[in-house]
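Take a look at the structure below.
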Amino acid sequence: MKFLIINSFRIMVYVAYIAIIVGGIALGLYNKGEFSNEMLGLSGALAQVADFVIFTAAGWIAASLVCGLIVTLMDIRDDINDRLPDARRDD
């Protein structure tokens, strides 16, 4: 049962990673160049491409940070749980 629970958390992290990146892509498409027009002064198709690239990169970075932190915390938890029986043992 523990194996199933740990692997389900890992699958959720993989799904969240892809979902965050897809969210960044969708946000880049949804803005239609407005962000790049206001911040960088670009217009037309170039602003749309810049928005797509900016939000896709931001989504990838955010996904890497969030999901990397979750996996790191799960690994720390697993290491602590593996060492607890050694700490409880009376020598």
Side-chain angles (χ1 to χ4, degrees):
M1 186 68 176
K2 181 180 176 183
F3 178 77
L4 178 66
I5 292 171
I6 291 171
N7 285 333
S8 67
F9 283 136
R10 297 215 186 266
I11 290 171
M12 286 190 317
V13 169
Y14 298 143
V15 170
Y17 188 82
I18 293 169
I20 293 170
I21 292 173
V22 168
I25 291 170
L27 189 59
L29 293 174
Y30 178 75
N31 278 335
K32 296 182 183 174
E34 292 177 19
F35 179 78
S36 296
N37 187 12
E38 290 178 15
M39 295 296 174
L40 303 174
L42 300 175
S43 61
L46 185 59
Q48 291 178 353
V49 171
D51 268 3
F52 178 77
V53 170
I54 290 168
F55 284 106
T56 300
W60 174 63
I61 291 169
S64 298
L65 290 173
V66 169
C67 294
L69 180 64
I70 292 170
V71 169
T72 301
L73 292 174
M74 284 193 314
D75 287 341
I76 290 170
R77 182 203 62 193
D78 292 343
D79 288 344
I80 290 171
N81 287 336
D82 290 343
R83 293 177 187 190
L84 277 177
D86 294 336
R88 290 183 188 147
R89 190 171 6 150
D90 293 328
D91 287 331

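Since the structure is predicted, the reported quantities are computational estimates derived from the model, not experimental observations. Numbering starts at 1 and runs along the sequence shown.
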With a cut-off of 3.5 Å and sequence neighbours excluded, list every side-chain donor-acceptor pair involving residues 39-47.
none

Only distances under 3.5 Å count here; give the side-chain donor-acceptor pairs of residues 48-72 to other protein atoms, sequence neighbours excluded, each with its distance to 0.1 Å.
| from | atom 1 | to | atom 2 | distance (Å) |
| --- | --- | --- | --- | --- |
| Asp51 | OD1 | Ser36 | N | 3.0 |
| Asp51 | OD1 | Ser36 | OG | 2.6 |
| Asp51 | OD2 | Gly33 | N | 2.9 |
| Asp51 | OD2 | Glu34 | N | 3.3 |
| Asp51 | OD2 | Phe35 | N | 3.4 |
| Thr56 | OG1 | Phe52 | O | 2.6 |
| Trp60 | NE1 | Tyr17 | OH | 3.1 |
| Ser64 | OG | Tyr17 | OH | 3.3 |
| Ser64 | OG | Trp60 | O | 2.9 |
| Thr72 | OG1 | Gly68 | O | 2.7 |

Show the atom names and distances, to 0.1 Å, of all donor-acceptor pairs under 3.5 Å that link a side chain in residues 20-27 to residues at least two apart or in another chain.
none

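When hydrophobic side chains of Ile, Leu, Val, Met, Phe, Trp and Tyr are connected at separations under 4.5 Å, Tyr30 ends up as a singleton with no cluster partners.
Listed by chain and residue number, Arg10 satisfy the salt bridge (charged side-chain N to carboxylate O under 4.0 Å, His left out) test with Asp75 (two or more places apart in sequence, or in another chain).
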